[in-house]
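Written below as structure tokens is the structure these notes are about.
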Amino acid sequence: QVQLVQSGGGLVQAGGSLRLSCAASGRTFSSYAMAWFRQAPGEEREFVAAISCSTGRTWYAGSVKGRFTISRDNTKNTMYLQMNSLNPEDTAVYYCAAKGDSYPYTRKNEYDYWGQGTQVTVSS
């Protein structure tokens, strides 16, 4: 069992940056693949980024590649999402998620544990 608690987010102007954090409980954080998803009003929850625990390999949605960076610190049981060059289309509730370390990494239905969500609003 893993509990995920998110922090960060808020309101930022277009072109600005934010960092999201996702802290996990339990001693097995290092064995879980982790990911970020987001959901805009009236939209489906979509994949943003994921990171494997065994290889450190990362995956990104095309819309955020080159602007967002996912990372994890297993010593702190925490995952991060550094978001740069934000634009209004990035406005959404962002969720962190965890699952066993196996393919696929980008499908939301594969993830077992979810954070509470945090609002990111980018003004133009």
Side-chain angles (χ1 to χ4, degrees):
Q1 191 82 339
V2 176
Q3 289 187 323
L4 304 176
V5 178
Q6 299 178 222
S7 60
L11 174 64
V12 65
Q13 288 188 330
S17 298
L18 284 173
R19 188 176 82 157
L20 305 181
S21 299
C22 175
S25 64
R27 295 178 294 177
T28 59
F29 172 78
S30 61
S31 66
Y32 286 92
M34 303 292 295
W36 291 96
F37 292 80
R38 67 186 182 186
Q39 188 167 16
E43 302 289 333
E44 293 283 327
R45 191 170 299 188
E46 66 175 5
F47 170 75
V48 175
I51 184 167
S52 166
C53 64
S54 58
T55 66
R57 183 179 173 182
T58 56
W59 293 261
Y60 294 94
S63 60
V64 307
K65 198 168 186 178
R67 301 187 297 122
F68 291 11
T69 302
I70 188 172
S71 62
R72 63 191 296 161
D73 185 342
N74 289 341
T75 66
K76 296 181 178 179
N77 281 11
T78 302
M79 173 181 65
Y80 305 96
L81 184 68
Q82 178 65 42
M83 304 184 292
N84 299 328
S85 301
L86 285 161
N87 59 61
E89 290 71 39
D90 296 315
T91 295
V93 176
Y94 284 69
Y95 296 90
C96 65
K99 74 175 193 71
D101 194 38
S102 61
Y103 285 95
Y105 291 90
T106 64
R107 298 180 190 172
K108 61 180 181 291
N109 292 339
E110 297 289 330
Y111 284 81
D112 301 307
Y113 307 102
W114 292 85
Q116 79 275 19
T118 188
Q119 178 70 46
V120 171
T121 303
V122 185
S123 63
S124 57

Distance check, rounded to the nearest 0.5 Å: [X] atom [atom1] versus [Y] atom [atom2]?
X: Q13; Y: S123; atom1: CD; atom2: OG; value: 5.0 Å
X: Y80; Y: M34; atom1: OH; atom2: CE; value: 11.5 Å
X: S52; Y: R72; atom1: OG; atom2: CZ; value: 7.5 Å
X: Y111; Y: K99; atom1: OH; atom2: NZ; value: 5.5 Å

Problem set entry | Centroid-centroid under 6.0 Å between Y103 and Y105 rings |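 Yes, ring centres under 6.0 Å apart.
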
Exercise. Can E110 and S102 be said to form a side chain to side chain contact (heavy atoms under 4.5 Å, CB included), step by step?
Worked result: CA-CA 10 Å; E110 297 289 330; S102 61; over 6 Å; no

Problem set entry | Within 45° cone and under 6.0 Å: R67 NZ/CZ vs Y60 ring | no

Could you tell me whether a side-chain N or O of [X] sits under 3.5 Å from a main-chain N or O of [Y], the two making a donor and an acceptor?
X: Q119; Y: G9; value: no
X: S25; Y: Q3; value: yes
X: T91; Y: V122; value: yes

For this session: Check whether more than 12 heavy atoms from other residues, nucleotides or ligands sit under 6.0 Å from atom CD of E46, and answer yes or no.
Result: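 Atom CD in E46 is packed in, count exceeds 12.
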
Problem set entry | Test side chain to side chain contact (heavy atoms under 4.5 Å, CB included) applied to D90 and M83, step by step | CA-CA 9 Å; D90 296 315; M83 304 184 292; over 6 Å; no

Problem set entry | Short side-chain donor-acceptor distance under 3.5 Å, T78 and D73 | no

